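First up is the structure itself, then whatever we jot down about it.
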Protein chains: 2
Amino acid sequence: MKKINLKDYAENFVDIYNDIQETFPKAVLHQAFICKFSSNEYIVRFDEDIQYLFLLLDGRAKIYIVHENGKRALIQFLKKDEFIGELSLIEMEKNIKDVVAINDCACLAVPLVSSKEHLLNDNLFLHNFSKYLGDKLLKRTDHYTDMQDYEFKNRLAKYILQIEHDECFQKKHTETAEYVGGSYRHLLYTLNQFHEDGLLEKKGRKYFIINKEKLERLSSKKD
Amino acid sequence: MKKINLKDYAENFVDIYNDIQETFPKAVLHQAFICKFSSNEYIVRFDEDIQYLFLLLDGRAKIYIVHENGKRALIQFLKKDEFIGELSLIEMEKNIKDVVAINDCACLAVPLVSSKEHLLNDNLFLHNFSKYLGDKLLKRTDHYTDMQDYEFKNRLAKYILQIEHDECFQKKHTETAEYVGGSYRHLLYTLNQFHEDGLLEKKGRKYFIINKEKLERLSSKKD
DNA sequence: ACCTCAATATGAGATATCTCCTATTATTAT
DNA sequence: ATAATAATAGGAGATATCTCATATTGAGGT
């Protein structure tokens, strides 16, 4: 993790800095700085107290929840403009999540101890914040109800369509399995199934969608 | 559904009315009234626009999410002091949930059209509201990660322990199955299993916990 | 260049869970 | 009260998904 002065950062990323200014009151920004995390680095660690409210400015990250039985579940991907550690702002109990950078990430870091009071009295911030929480609630609910009501193959189809770029799907299988909610073994089995059913074509380690329509039907139907 | 004047209600339920006054600004309460719903009545219906922000004052209700494939999933139970329709306050898209009264319910109804602006500018309300959303987010995440990482029998054990009163568990099986996330058939099978394993005793339509310790172990372990 | 660890691949067998069917009881509505 | 509907109960068979074992390939570190 590398700290960078906010002003230095602002000079190079004017647009992003403008956005930040709209989200946070000036007094709070005075206390803030930039954190850079490299790929696979932990941004927040299970069981450790959260000192900062992070706003993801660049890069992608993933949230794991850590269970009592030691197992982890990948519950959400984070991208630009999403918060990390935001629940500490409203006095939630222990942190039970790991947040890990997927690629190199830049975050705005706001020290909670000195800025909490200030943020909670800023109506504009609170309004945006509520909106953000509501949105996150919906997204997470969606994700999980999908888990519950659709089978693995349906969920996988949906996921591939979400992730795909130019008909191409390439993502670490371990990560896919964790997010879609199944075992690695079963993921492989299902990918082969998709191949046999003429949905995907495999080239090296990439998969290409060759029947998008069918994949879409599979993603939303039970059949 | 039966509407009641807020003042009439206030006379009979002084304590509750005091709580309400702490949650909502006066100007907003002027527009509000009380709604009574009877058991099994729909408080909010899938696909219909939400006109009111409800605060549950008495009774219990349940939230279903309605899927594209027509299936419903019971995702949360609501009790006193929980909001209904709160996401409309922050401009969420279509309503995809049914909310159904479990027993007779009394709700405070705040008309969104006239009060929205007001609420979103009230710092105390916003603060409470953020907290509420954060809490709901955590609860729901917990519920669902349980779903994903534990088997039906573990989830059922946990649920029984949550619901149980005086070692007695009685709840509609249909509802239990929907919430715990399994088929009715499998619930029956698992309850019999619990009986054979000396965890529960069945008397008529009630189940009694006869080995709580073992049930607790089952609820949090994978074994 | 070599070693190590993570990721990819696949087989075989076990089991958790589902679907469909059919009765028997409660509850609710007419 | 009687019909209609929902809840309880369990049988039989299918399958979605898991666990464990093992081999190969790729990437990062020294």
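In what follows, chains carry the letters A, B, and so on, assigned in the order in which the sequence lines appear, proteins first and then strands, with residues in each chain numbered from 1. The model shown is predicted, which means the values in this text are computed figures rather than measured ones.
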Taking only side-chain N and O atoms of [X], does any of them lie within less than 4.0 angstrom of OP1 or OP2 on [N]?
| X | N | value |
| --- | --- | --- |
| A:Y189 | D:dA16 | no |
| B:N192 | D:dA9 | no |
| B:Y184 | D:dT8 | yes |

Nucleotide nearest [X] (side chain, heavy atoms from C-beta), chosen from [options]:
| X | options | value |
| --- | --- | --- |
| B:E151 | C:dC18, C:dT17, C:dT25 | C:dT17 |
| A:K202 | C:dA9, D:dT17, C:dA16 | C:dA9 |
| B:L188 | D:dG10, C:dT17, C:dT8 | D:dG10 |

Flag the pair B:Y179 / B:Y159 as yes when their ring centroid distance falls below 6.0 Å, and as no otherwise.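 Here the rings of B:Y159 and B:Y179 have centres that are less than 6.0 Å from each other.
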Euclidean distance, atom [atom1] of residue [X] to atom [atom2] of [N] [Å, nearest integer]:
| X | N | atom1 | atom2 | answer |
| --- | --- | --- | --- | --- |
| A:K153 | D:dC18 | NZ | P | 13 Å |
| A:N154 | D:dT15 | CG | C1' | 14 Å |
| A:K172 | D:dG28 | NZ | P | 10 Å |
| B:R205 | D:dG10 | CZ | C1' | 14 Å |
| B:E41 | C:dT28 | CD | C1' | 16 Å |
| A:Q170 | C:dT8 | CD | P | 11 Å |
| B:Q193 | C:dT15 | CD | P | 12 Å |
| A:H173 | D:dT25 | NE2 | C1' | 14 Å |

May I ask you to decide if B:M1's main-chain N or O and B:E41's side chain share a donor-acceptor pair within less than 3.5 Å?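 Between the backbone of B:M1 and the side chain of B:E41 there is a qualifying donor-acceptor contact (under 3.5 Å).
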With DNA chain C as reference, determine whether B:L187 or A:G204 sits nearer its 5' end, using the nearest nucleotide of each.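 That would be A:G204.
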Most 5' of B:N40 and B:F152 on DNA chain C, judged by nearest nucleotide: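 The residue whose closest nucleotide sits nearer the 5' end is B:F152.
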If each of B:K171 and B:R185 is mapped to the nucleotide of DNA chain D with the nearest heavy atom, which maps nearer the 5' terminus, i.e. the 5' end?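 Looking at the nearest nucleotide for each, B:K171 comes out on the 5' side.
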Scan B:H186 against the nucleic acid and name what it touches under 4.0 Å (heavy atoms): base, sugar-phosphate only, or nothing.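 Answer is base: heavy atoms of B:H186 come under 4.0 Å of a base.
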With sugar-phosphate meaning primed atoms plus P, OP1 and OP2, does B:T174 contact a base, only sugar-phosphate, or nothing at under 4.0 Å between heavy atoms?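 Here B:T174 touches the backbone only, sparing every base.
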Looking at A:C107 and A:F54, what are the two nearest heavy atoms and their distance?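 That would be CB-CD2, 3.8 Å.
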First locate atom OH of B:Y52, then atom CD of B:Q31, and finally report the distance between them rounded to the nearest 0.5 Å.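 Here the interatomic distance stands at 11.0 Å.
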Using the rule given for salt bridge (Lys or Arg N to Asp or Glu O under 4.0 Å), can you reason through B:E175 versus B:K171, listing the C-alpha separation, both sets of side-chain angles and the distance that settles it, and then say yes or no? CA-CA 7 Å; B:E175 206 166 78; B:K171 204 155 210 308; 2.7 Å; yes
